[in-house]
Amino acid sequence: MARGELLEQIYTIVAQIPEGRVTTYGRIARMTDGATARAVGSAMGHLPSGHDLPWHRVINAGLKVTEHGGAVRQREKLRAEGVAFDAKGRVNPELLWP
DNA sequence: CACTTGACTATAA
DNA sequence: CTTATAGCCAAGT
């Protein structure tokens with residue numbers, strides 16, 4: 001399995017996340033054939049300009065948005081899709097996409 | 001090629 | 001709750 005295909009799998013999976021739902025880096029990694037959570041995070045951080053992936057629906061294992069440069073914008077997008085956060089900034093586990 | 005940096009996670013103390 | 005360790009990968013320098 002070529003290395004670049006893992007990224008392709010990651011992009012494909014992220015593109016499948018339904019609106020209003022979320023998933024984690026680790027889950028995506030498990031869905032691919034060999035990628036790791038770190039690889040998924042790296043992929044999200046190196047997304048080429050002009051992409052159409054719902055990157056904002058990918059959160060960390062703690063069901064929270066990882067603090068990074070676009071975290072605020074990410075929360076806004078999720079909020080706009082109807083994703084609610086609790087007092088600790090955590091997302092409802094029921095919104096997890098398999 | 002080596003080294004660093006960063007949207008990760010599980011485990012232990 | 002926090003730190004620390006270890007394992008992990010991609011892209012940039």
Side-chain angles (χ1 to χ4, degrees):
Chain A
M1 171 76 68
R3 230 173 26 149
E5 296 195 13
L6 288 178
L7 286 180
E8 197 175 318
Q9 288 178 30
I10 292 173
Y11 296 142
T12 300
I13 293 172
V14 172
Q16 303 303 308
I17 306 174
E19 184 178 317
R21 303 292 298 283
V22 298
T23 194
T24 70
Y25 301 99
R27 272 177 188 258
I28 294 176
R30 266 313 249 171
M31 294 177 202
T32 66
D33 180 32
T36 65
R38 191 78 183 193
V40 177
S42 182
M44 294 300 101
H46 298 119
L47 281 176
S49 56
H51 63 75
D52 57 342
L53 296 178
W55 56 271
H56 54 277
R57 309 205 252 239
V58 184
I59 60 182
N60 62 34
L63 299 185
K64 293 186 294 187
V65 173
T66 301
E67 290 303 328
H68 62 89
V72 176
R73 189 172 156 220
Q74 180 171 7
R75 293 194 196 87
E76 283 180 4
K77 282 182 168 291
L78 289 175
R79 181 87 176 68
E81 289 185 1
V83 177
F85 300 88
D86 64 15
K88 292 168 184 163
R90 210 174 303 145
V91 173
N92 184 336
E94 303 235 333
L95 293 178
L96 267 177
W97 183 63

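One can place NZ of A:Lys88 at 11 Å from P of C:dT2, the figure rounded to the nearest angstrom. Counting to the nearest Å, the C1' atom of B:dT5 and the NE2 atom of A:His68 are 16 Å from each other. Rounding to whole angstrom units, CD of residue A:Gln74 and P of B:dA7 are separated by 11 Å. The nearest whole Å value for the distance from the CG atom in A:Leu78 to the C1' atom in B:dA7 is 13 Å. Rounded to whole angstrom, the span from the CG atom of A:Leu63 across to the P atom of B:dA10 amounts to 11 Å. In this structure, A:Leu47 places its CG atom 16 Å from C1' of C:dG12, rounding to the nearest Å. A:His46 places its NE2 atom 12 Å from the C1' atom of B:dT4, with the value rounded to the nearest Å. Look at CZ on A:Arg30: it is 14 Å from P on C:dC9, rounded to the nearest Å.
For A:Thr36, counting side-chain heavy atoms from C-beta on, the closest listed nucleotide (C:dC9, C:dA11, B:dT9) is C:dC9. Closest contact between the side chain of A:Ala61 and the listed nucleotides B:dA7, B:dA10, C:dA11 involves B:dA10. Checked against C:dA10, B:dT9, B:dA7, the side chain of A:Thr24 finds its nearest nucleotide in B:dT9.
For the pair A:Lys64 and A:Tyr11, both in contact range of DNA chain C, the more 5′-proximal nearest nucleotide belongs to A:Lys64. Residue whose closest nucleotide on DNA chain C sits further toward the 5' end, between A:Ala43 and A:Ala37: A:Ala37.
Note on A:Ser42: a base of the nucleic acid sits closer than 4.0 angstrom, heavy atoms only.
Counting atom types as modelled, A:Arg38 pairs a side-chain N or O with a base atom of B:dG6 as donor and acceptor under 3.5 Å.
A distance-only check finds a donor-acceptor pair linking the side chain of A:Gln74 to the backbone of A:Val58 [under 3.5 Å].
A chain of hydrophobic side-chain contacts below 4.5 Å, direct or via other Ile, Leu, Val, Met, Phe, Trp or Tyr residues, connects A:Ile28 to A:Met44. Under the 4.5 Å side-chain heavy-atom criterion for grouping Ile, Leu, Val, Met, Phe, Trp and Tyr, A:Ile59 is not connected to A:Trp97 through any hydrophobic cluster.
Here the closest heavy-atom approach between residue A:Lys64 and residue A:Lys88 is recorded as CD-O, 3.6 Å.
Screening A:Ile17, A:Val65, A:Leu78 for a side-chain contact (heavy atoms from CB on, under 4.5 Å) with A:Val22, the sole residue that qualifies is A:Leu78.
The P atoms of C:dG7 and B:dA7 are separated by 23 Å, rounded to the nearest whole Å.
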